[in-house]
Asks: 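Dropping a structure here in structure tokens format, bear with me for questions.
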Protein chains: 2
Amino acid sequence: MDRIDSSLIALRRIIRTTELFGREIRQATGVTPAQFRVLQIISESGFVTAKTISMRMQVSQGTVTSLVDKLVRDGLALRQKSSEDRRQIHILLTDAGRETLVDAPDPLQQRFVRKFRAMEDWEQAMLVANLERVATMLDAEDLDASPVLATGEIRPAGTQ
Amino acid sequence: MDRIDSSLIALRRIIRTTELFGREIRQATGVTPAQFRVLQIISESGFVTAKTISMRMQVSQGTVTSLVDKLVRDGLALRQKSSEDRRQIHILLTDAGRETLVDAPDPLQQRFVRKFRAMEDWEQAMLVANLERVATMLDAEDLDASPVLATGEIRPAGTQ
DNA sequence: TGAATTTGCTTTGACTGTTGAAGTTTTGTC
DNA sequence: GACAAAACTTCAACAGTCAAAGCAAATTCA
């Protein structure tokens with residue numbers, strides 16, 4: 001088998017693993033991956049507007065409304081009218097929402113980090129260089145991602 | 001920024017790129033990624049049963065029925081009763097279906113392959129080794145993938 | 001100040017993907 | 001020939017997603 005095939009297969013395995021991980025999350029937390037992402041985004045900032053979520057997830061506002069609806073229905077999040085700008089609605093976590101996050105410590109990412117830490121210094125350096133190279137090879141545009149795996153989120157380059 | 005963050009970010013970029021690529025496919029071919037996968041699977045063998053598709057995509061038979069329904073509705077595929085085993089139904093491509101595949105030459109994969117080919121021999125070897133390592137680091141189980149990017153398909157190790 | 005525009009969100013209607021359960025038709029086996 | 005298994009389809013139910021339309025608050029500007 002040639003190297004091109006090998007590399008594509010490896011890449012495919014990486015992608016597939018993260019897809020399957022979505023099902024793990026659902027199992028472990030009772031919340032779908034998309035909803036989980038929303039919980040993560042809220043938790044990063046304490047509270048957040050629908051607009052922010054929509055931009056971070058690169059999804060329409062209507063979609064965010066429906067995702068938040070479900071989180072509210074399940075008692076994981078709350079809506080609160082902003083007092084400064086009354087068009088805005090702050091979305092925040094309930095205790096149950098926070099607990100959901102705590103109970104689901106991103107096993108895929110941890111799996112990776114654990115093994116990464118066990119590597120030699122030079123191996124780590126090489127791995128990072130190669131991963132970055134692959135990312136660049138695939139990228140059409142200039143994107144920048146947060147260091148959180150399998151959340152589907154991405155931020156414009158330069159954002160915090 | 002430490003190496004763990006760098007590596008997770010690079011991984012995230014890789015995954016995200018393939019997600020966004022799904023939208024490209026839709027744009028370029030007018031067919032959704034899931035339907036496109038079905039077309040690819042049919043085309044690999046000429047014709048195929050629903051069961052095969054279901055296994056290759058790791059999806060229920062009901063799902064396959066509905067995906068194939070849409071392809072048939074849009075004139076991209078045909079159903080044909082098998083004459084050997086009349087429980088089976090062969091699914092095959094129409095000319096339009098074949099054309100759809102031709103018109104969408106998997107730009108993500110090509111993008112990668114083009115850049116890969118331009119690399120030095122030793123660089124290629126190193127890249128493959130590192131990708132395989134990462135795949136292994138993420139894998140919980142023993143999986144095997146076909147060398148086709150962004151199709152969500154996977155075969156049990158050892159299959160064809 | 002007051003009308004027009006913009007911004008933030010929700011509602012509605014529609015469609016895809018997905019599953020699980022139940023049903024149909026064919027095969028295969030004892 | 002009866003019974004079980006296999007290959008599909010149908011159905012009901014969700015989740016995610018979008019686009020378009022609507023509403024309310026804030027901002028702009030004449």
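Reminder, nothing fancy here: chain letters follow the sequence lines and each chain counts from 1.
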Asks: Measuring only between side-chain heavy atoms, which start at C-beta, is B:N130 closer than 4.5 Å to A:L131?
Replies: no

Asks: For B:L67 and C:dT19, what is the distance between atoms CG and C1' respectively, to the nearest whole Å?
Replies: 13 Å

Asks: Any side-chain N or O of B:T63 less than 4.0 Å from the OP1 or OP2 oxygen of C:dT18?
Replies: no

Asks: Which nucleotide in the set C:dT16, D:dA15, C:dC9 lies at the smallest distance from any side-chain heavy atom of A:T32?
Replies: D:dA15

Asks: What is the distance, rounded to the nearest whole Å, between atom CD1 of B:I53 and atom P of D:dT9?
Replies: 10 Å

Asks: Can you tell which of C:dT19, D:dC18, D:dC8 lies closest to the side chain of B:V59?
Replies: C:dT19

Asks: Return the value, rounded to whole Å, for the distance between atom CD1 of A:I91 and atom C1' of C:dC9.
Replies: 9 Å

Asks: Can you tell me which nucleotide in C:dT10, C:dT18, C:dT16 comes closest to the side chain of A:A50?
Replies: C:dT10

Asks: Report the nucleotide, chosen from D:dC8, D:dA15, C:dT6, that has the shortest atom-to-atom distance to any side-chain atom of A:R26.
Replies: D:dA15

Asks: Please determine if a side-chain N or O atom of B:T65 lies less than 4.0 Å away from the OP1 or OP2 oxygen of D:dT9.
Replies: yes

Asks: Is there a side-chain polar atom (N or O) of B:R73 under 4.0 Å from OP1 or OP2 of C:dT16?
Replies: yes

Asks: For a quick test of reading the model: is some side-chain N or O of A:K70 closer than 4.0 Å to OP1 or OP2 of D:dG16?
Replies: yes

Asks: Under 4.0 angstrom, heavy atoms only, what part of the nucleic acid is B:Q61 near: base, sugar-phosphate, or nothing?
Replies: base

Asks: Going by an N to O cut-off under 4.0 Å, is there a salt bridge joining A:R79 and A:D69?
Replies: yes

Asks: What's the CD1-C1' distance between A:I25 and D:dA15, to the nearest Å?
Replies: 15 Å

Asks: Could you tell me whether B:T49 contacts a base, only the sugar-phosphate backbone, or nothing, with contacts defined as non-hydrogen atoms closer than 4.0 Å?
Replies: sugar-phosphate

Asks: How many angstroms lie between atom CG of B:L92 and atom CG of B:L76, to the nearest 0.5 angstrom?
Replies: 12.5 Å

Asks: Measure from CZ on A:R86 to C1' on D:dC23 and round the result to the nearest Å.
Replies: 14 Å

Asks: Both A:G62 and B:V64 contact DNA chain D. Which one's nearest nucleotide lies toward the 5' end?
Replies: B:V64

Asks: Does a side chain donor of either B:T63 or B:S60 reach within less than 3.5 Å of an acceptor in the other side chain?
Replies: yes

Asks: Report which part of the nucleic acid B:D69 touches: base, sugar-phosphate, or nothing (heavy-atom distance under 4.0 Å, all strands).
Replies: nothing

Asks: Side chains of B:E44 and B:R56: does their closest heavy-atom pair fall under 4.5 Å?
Replies: yes

Asks: Between D:dC8, C:dT16, D:dA26, which nucleotide gets closest to the side-chain atoms of A:D85?
Replies: D:dA26

Asks: Quick one: does B:R87 reach the base of C:dT27 with a side-chain donor-acceptor pair under 3.5 Å?
Replies: no

Asks: What is the separation between atom CE on A:M55 and atom P on C:dG8, rounded to the nearest whole Å?
Replies: 9 Å

Asks: Check whether any side-chain nitrogen or oxygen of A:R79 sits under 4.0 Å from OP1 or OP2 of C:dC9, and answer yes or no.
Replies: no

Asks: Of the nucleotides D:dT9, C:dT10, D:dA7, which one has an atom closest to the side chain of B:K51?
Replies: D:dA7

Asks: Check the distance between C:dC15's P and B:D74's CG and give it to me in whole angstrom.
Replies: 12 Å

Asks: Apply salt bridge (charged side-chain N to carboxylate O under 4.0 Å, His left out) to the pair B:R3 and A:D121, showing each step before the final yes or no.
Replies: CA-CA 10 Å; B:R3 282 184 184 143; A:D121 189 79; 2.9 Å; yes

Asks: Expressed in angstrom and rounded to an integer, what is the separation of A:K81 atom NZ from D:dC23 atom P?
Replies: 15 Å

